[in-house]
Amino acid sequence: MRTKKVLITGFEPFDGGEINPSEILVEKFDSEIQGLEIHKLILPVVFKKSLAILKKEAFFLNPDFIICLGLNAKVSEINLEAIAHNLDDARTDDNEGNRPQEEVIFEDGPATLDATLPLKEMEDTLIESQIPVAISRDCGRFVCNHVFYGICRVIQMKKMRAKAGFVHLPPFEKLNVAQQSRALEVMLSALK
């Protein structure tokens, strides 16, 4: 059986925060999971730049799976994002001062795109591991959603093999680093 390539991404800190759990999880992840070749990438919290970097890496690697991770300070569990929206509508500046308002990401794209990761299997494995999880249908309209919608649209247009999705993480105060590291391992183990 062919080893499958997985690209996991995190984001740098933003909005005055000193850390971003997604960056820490991706950087410290060193587990080996049978049948998977893991690649890691940290993205800037900048609308167009983040997607350009991700797209370049996806074209280079041609992965089987892309899991993008980001912080949602309002949640207390792992949020598996089901739907990406073709809209940037920021309430705050990104890390380069951009604040797009009601701008579509792809002029020719549908209003929404669904995650293509096996969300149900990921949810089941997290529940079995007693890690709090929810499937979310609203990824927001900030850089997380921009990257999620953007990479799904690129995969669709270029007919790439990758299955992609987005996972929002809570702050470490709500789910500590060990729990979140375990969650990432468990989610990756669900990719077959």
Side-chain angles (χ1 to χ4, degrees), residues 1-12 19-43 45 50-51 53-72 75-84 113-137 139 143-145 147-152 154-156 160-172 174-192:
M1 193 170 98
R2 180 176 71 80
T3 299
K4 294 190 174 179
K5 288 184 195 173
V6 183
L7 175 59
I8 55 173
T9 73
F11 281 110
E12 66 189 5
I19 65 162
N20 188 323
S22 68
E23 178 182 46
I24 291 167
L25 286 195
V26 170
E27 283 181 343
K28 76 185 291 285
F29 191 81
D30 62 358
S31 299
E32 288 185 23
I33 296 171
Q34 191 171 1
L36 299 180
E37 177 187 312
I38 309 291
H39 297 265
K40 306 186 289 188
L41 180 66
I42 303 301
L43 299 171
V45 181
S50 57
L51 181 57
I53 291 168
L54 176 56
K55 190 163 78 170
K56 184 176 177 185
E57 190 71 5
F59 288 162
F60 173 72
L61 281 177
N62 191 21
D64 297 277
F65 301 99
I66 299 172
I67 300 182
C68 301
L69 306 174
L71 168 66
N72 182 345
V75 301
S76 54
E77 70 283 305
I78 304 295
N79 272 207
L80 306 175
E81 299 295 346
I83 299 170
L113 287 170
D114 293 339
T116 51
L117 291 174
L119 296 187
K120 187 69 183 119
E121 290 84 349
M122 292 166 71
E123 180 188 36
D124 289 346
T125 57
L126 288 164
I127 290 168
E128 283 168 24
S129 300
Q130 300 182 330
I131 297 166
V133 59
I135 290 184
S136 163
R137 300 197 181 312
C139 193
V143 180
C144 294
N145 177 73
V147 163
F148 179 19
Y149 185 91
I151 199 60
C152 287
V154 167
I155 289 166
Q156 187 182 63
M160 296 171 73
R161 69 180 178 198
K163 295 189 181 326
F166 199 95
V167 178
H168 265 125
L169 307 170
F172 287 141
K174 295 181 182 173
L175 204 60
N176 69 40
V177 66
Q179 291 169 304
Q180 292 200 38
S181 293
R182 176 76 184 122
L184 180 52
E185 208 171 297
V186 164
M187 286 187 285
L188 289 168
S189 73
L191 304 178
K192 298 297 174 208

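Since the structure is predicted, the reported quantities are computational estimates derived from the model, not experimental observations.
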Identified side-chain contact (heavy atoms from CB on, under 4.5 Å) counterpart of Ser181 within the set Asp30, Val186, Leu25, Ile24:
Leu25
With Asp64 as reference, evaluate Lys163, Arg161, Lys192 under the salt bridge (Lys or Arg N to Asp or Glu O under 4.0 Å) test and give the passing residue.
Arg161
Is the closest side-chain heavy-atom distance between Ile33 and Leu191 below 4.5 Å?
no
For the residue pair Glu77 and Val133, establish whether any side-chain heavy-atom pair is separated by less than 4.5 Å.
no
For residues Leu54 and Leu43, report the shortest heavy-atom separation together with the two atoms involved.
N-CD2, 4.1 Å
Inter-residue atom distance Leu117.CG - Cys68.SG, 0.5 Å rounding:
8.5 Å
Where the side chain of Gln179 meets the backbone of Ile131, is there a donor-acceptor pair that is under 3.5 Å apart?
no
Please tell me if the side chains of Pro21 and Leu71 come closer than 4.5 Å, counting only heavy atoms from C-beta onward.
yes
Passes side-chain contact (heavy atoms from CB on, under 4.5 Å), Val167 versus Leu80? Steps please.
CA-CA 5 Å; Val167 178; Leu80 306 175; 3.9 Å; yes
How close do Ala58 and Pro63 get, heavy atom to heavy atom, and via which atoms?
O-CD, 3.4 Å
Neighbour count above 12 (heavy atom, 6.0 Å) for Lys55 NZ
no
Is there a side-chain contact between Met187 and Ile78 (heavy atoms, below 4.5 Å)?
yes
Nearest heavy atoms of Leu119 and Ala82, plus distance in Å:
CD1-CA, 3.7 Å
For residues Phe59 and Val154, determine if any side-chain heavy atom of one lies less than 4.5 Å from a side-chain heavy atom of the other.
yes
So, do Thr9 and Ile53 sit near enough that their side-chain heavy atoms are less than 4.5 Å apart?
no
Give a yes or no answer on whether the side chain of Glu12 reaches the backbone of Val45 with a donor-acceptor pair at less than 3.5 Å.
yes
In terms of heavy-atom contacts, Glu27 and Lys40 come closest through O-NZ, 3.2 Å
What pair of heavy atoms forms the shortest contact from Ile151 to Leu51, and how long is it?
N-CD1, 3.6 Å
Nearest 0.5 Å, please: how far is CZ in Arg2 from NZ in Lys4?
6.5 Å
Asp114 vs Ile83 side-chain heavy atoms within contact, under 4.5 Å
yes
Determine, stepwise, if the pair Leu169 / Leu175 fulfils side-chain contact (heavy atoms from CB on, under 4.5 Å).
CA-CA 9 Å; Leu169 307 170; Leu175 204 60; over 6 Å; no
Examine distances only and state if a side-chain atom of Thr125 and a backbone atom of Met122 form a donor-acceptor pair shorter than 3.5 Å.
yes
Hey, what do you get for NE2 (His39) to CG (Leu61), rounding to the nearest 0.5 Å?
5.0 Å
Stepwise, does the side-chain contact (heavy atoms from CB on, under 4.5 Å) test hold for Cys144 with Phe166?
CA-CA 8 Å; Cys144 294; Phe166 199 95; 3.3 Å; yes
Without swapping roles, check the side chain of Gln180 against the backbone of Pro170 for a donor-acceptor pair under 3.5 Å.
yes
Atom CD in Glu32, atom CD1 in Ile38: separation rounded to 0.5 Å?
9.5 Å
To the nearest 0.5 Å, how far apart are CG in Leu126 and CZ in Arg182?
9.0 Å
If you round to the nearest 0.5 Å, how far is OG of Ser189 from CG of Leu184?
10.0 Å
Would a 4.5 Å heavy-atom cut-off, applied to side chains only, mark His168 and Ser136 as touching?
no
After noting the C-alpha distance and the side-chain angles of Val26 and Leu41, does the key distance pass the side-chain contact (heavy atoms from CB on, under 4.5 Å) rule?
CA-CA 7 Å; Val26 170; Leu41 180 66; over 6 Å; no
Thr3 and Leu36: which non-hydrogen atoms are nearest, and at how many Å?
CG2-C, 3.8 Å
Given 3.5 Å as the limit, does a donor-acceptor pair link the side chain of Thr116 with the main chain of Ala164, or not?
yes
Phe11 backbone acceptor or donor facing Asn20 side chain under 3.5 Å
yes
